[in-house]
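The next block holds one structure in the form of structure tokens; read it before the comments.
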Amino acid sequence: MGVPSLRAAAGALSRACGRWSPRLGPRLLRSPPMAGNVQAPAPVGARLQQDRKARSGWQGGARVWEETEQQAKKLKSSGDEDGEQHRKLPKRKIVLLMAYSGKGYHGMQRNVGSSQFKTIEDDLVSALVRSGCIPENHGEDMRKMSFQRCARTDKGVSAAGQVVSLKVWLIDDILEKINSHLPSHIRILGLKRVTGGFNSKNKCDARTYFYMLPTFAFAHKDRDVQDETYRLTAETLQSVNRLLACYKGTHNFHNFTSQKGPREPSAQRYILDMYCEEPFVREGMEFAVIKVKGQSFMTHQIRKMVGLVVAIVKGYAPESVLARSWGEAKVDVPKAPGLGLVLERVHFEKYNQRFGNDGLHEPLDWAQEEAEVAAFKEQHIYPAIVSTERHERSMAQWLSTLPVHDFSATAHAAAKVPSPLEGSEGDGDSD
């Protein structure tokens, strides 16, 4: 008997035993019939019909499984392509030049997990995620993108030259895409590559702020505090600048913040320059801008520096209180309103000297962006300050509180534990 005949015989024998089908594969071995329960074998036609039904069900299930597997492979392939595309994009350390109007915001720094107080960084992080610069989990944990700001800004404080450092995917048209998801009063004006270990706060040599205020703040106390017709004289401006120049150098500013004791080394701060510019008129009201440049500033420090000079010029405090405020004695220093304080520029002089001309990195001077910065101030910052002062009269109301301060009294400066609210606000860098 030949091989084909043997295979045919084996197949016939197995089919008879119910163990194997060339199309259906192996079957379960049937138990031998018990005595008394012997059933007649089904006709050959009925068995063939059952085999066809079984074959049809098995093949249908196979088709469903194959289609499901193909769909899963397509989805996985699509997800892999998206992930691979992001992995191929370079993730680099950069800095962003920011400008924003702080009105309506509870400062710059984000308070993760708190939606009660909206901050500038809340809108920024949302725009970074939506534009595809960072993955969503980086928005939830900003440490994953090595995010750092140059300076914290207080509630309502604006900025024309804030700089933040972070790691992003360098997607095409990155600035346009980020700005498309930001409100008009927050703009990204520039982007530059920096070294991998760059930290915008630690690498910052100095910060320049300006404080814009109505000039009637310098009028003598015997004059109406709301006199919008007041115009600053050259003599008064000279007196203001003489007092502001006294801040230059290193002094103990523990009386100009709520977080430092008189003997804490970090209360010592170095002021490079401070002066008042020529006044100008906006909407019938005269304003002036005080500029101050320092290495770093503590919570409320700039506002108190301005407040004390205003109190002296108006005649509420003697000039001697200025030098006395740098001693260990506790001095009552008034704090000017937050409206009008603007972070104008941050400086990276040492970084620029080392890396600015190495052929790989650009100097962080933002000279090409100056026109955009000036335009943003004219369009968003100055109008917000003028309009808010006119409607809320924050400076006029604050001036009316100066008589309650006792500038002659002194007391031992005790350590003060700042409240959570005070600790969350700052003119610049708070330690």
Side-chain angles (χ1 to χ4, degrees), residues 102-103 105-108 151-158 207 209-214 216-218 221 225 240 243-244 246-247 251-262 267 269 271 274 276 288-292 294 296-318 321-322 324-327 329-343 385 388-389 392-411 413-431:
K103 184 179 179 181
Y105 289 88
H106 201 79
M108 169 71 179
R152 297 195 307 170
T153 50
D154 198 354
K155 176 183 177 182
V157 175
S158 301
R207 298 150 178 88
Y209 285 80
F210 73 77
Y211 189 90
M212 180 173 166
L213 74 169
F216 64 71
F218 296 121
K221 63 181 180 181
V225 296
V240 170
L243 292 170
L244 293 175
C246 295
Y247 285 120
H251 300 285
N252 188 331
F253 284 98
H254 73 94
N255 276 311
F256 294 79
T257 185
S258 57
Q259 301 184 29
K260 302 294 180 183
R269 299 289 162 135
I271 306 300
M274 192 168 187
C276 182
V289 168
I290 296 174
K291 289 195 175 182
V292 54
S296 62
F297 299 95
M298 296 179 291
T299 303
H300 304 152
Q301 179 183 341
I302 297 175
R303 291 164 61 186
K304 288 201 169 194
M305 292 168 72
V306 172
L308 187 56
V309 168
V310 168
I312 294 172
V313 173
K314 292 188 75 66
Y316 287 109
V321 72
L322 195 56
R324 187 155 44 89
S325 67
W326 299 323
K330 185 68 175 176
V331 176
D332 185 8
V333 178
K335 179 177 64 179
L339 178 67
L341 183 62
V342 179
L343 174 62
I385 294 173
T388 305
E389 180 59 43
E392 298 180 7
R393 299 171 51 252
S394 59
M395 179 57 69
Q397 292 182 15
W398 173 75
L399 292 173
S400 65
T401 67
L402 287 179
V404 303
H405 289 269
D406 186 359
F407 298 99
S408 61
T410 60
K416 177 182 178 182
V417 178
S419 69
L421 181 60
E422 290 175 335
S424 66
E425 299 178 358
D427 297 329
D429 287 342
S430 297
D431 295 327

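Each residue takes its place number in the sequence, starting with 1. These figures come from a predicted structure and were not determined experimentally.
Proximity of a side-chain donor or acceptor of R324 to a complementary backbone N or O of F407 within less than 3.5 Å is detected. S158 places a side-chain N or O within 3.5 Å of a backbone atom of G102 that can act as its donor or acceptor partner.
From S258, atom OG reaches atom CD of Q301 across 11.5 Å, with rounding to the nearest 0.5 Å. The distance from atom CE of M108 to atom CZ of R152, rounded to the nearest 0.5 Å, is 11.5 Å. Taken to the nearest 0.5 Å, the NZ atom of K260 stands 8.0 Å off from the OG1 atom of T299. Rounding to the nearest 0.5 Å places CG of L322 at 5.0 Å from CD1 of I312.
By the 4.5 Å heavy-atom criterion applied to side chains, P334 and T401 are not counted as neighbours. In this structure the side chain of I290 reaches within 4.5 angstrom of the side chain of M274, judged on heavy atoms. V309 places none of its side-chain heavy atoms less than 4.5 Å from the side chain of M305. Contact of the T257 side chain with the F297 side chain is not registered, since no non-hydrogen atoms from C-beta on lie closer than 4.5 Å. Side-chain contact between L213 and F218 is present, with at least one heavy-atom pair separated by less than 4.5 Å. Taking the side chain as every heavy atom from C-beta outward, P337 and R303 never approach each other to under 4.5 Å. Side-chain contact between L341 and V306 is absent, with no heavy atoms from C-beta onward closer than 4.5 Å.
For Y211, the ring pair (Phe, Tyr, Trp, His ring centres under 6.0 Å) criterion is met by no residue, not counting sequence neighbours. Looking at residues two or more places apart in sequence or on another chain, you find a side-chain contact (heavy atoms from CB on, under 4.5 Å) between K291 and F210, Y275, E277, V289, E344. Not counting sequence neighbours, the partners of H251 by the side-chain contact (heavy atoms from CB on, under 4.5 Å) test are F253, W326. Annotation: side chain to side chain donor-acceptor pair (under 3.5 Å) contacts of K314 (sequence neighbours excluded): none.
Taking all atoms of both residues into account, the shortest heavy-atom contact from G261 to H254 is O-CB, 3.6 Å. In terms of heavy atoms, S394 sits closest to L339 at OG-CD2, 3.4 Å. Across A267 and N252, no two heavy atoms sit closer than the pair CB-OD1, 3.4 Å. Residues E389 and A396 approach most closely at OE2-N, 3.8 Å, considering heavy atoms. In terms of heavy-atom proximity, L244 sits nearest to C276 at CD1-N, 3.7 Å. Considering all non-hydrogen atoms of both residues, A151 and L343 come closest at CB-CD2, 4.0 Å.
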As a quick check of understanding, evaluate side-chain contact (heavy atoms from CB on, under 4.5 Å) for I302 and R207, giving each step before the final call. CA-CA 12 Å; I302 297 175; R207 298 150 178 88; over 6 Å; no

Evaluate the criterion side-chain contact (heavy atoms from CB on, under 4.5 Å) for residue pair M212 and V342; output intermediate values, then yes/no. CA-CA 8 Å; M212 180 173 166; V342 179; over 6 Å; no

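Within the cation-pi definition used here (under 6.0 Å to the ring centroid, within 45° of the axis), K304 does not qualify as a partner of F256.
Just one residue in the list D332, V331, L308 forms a side-chain contact (heavy atoms from CB on, under 4.5 Å) with H405, and that residue is D332.
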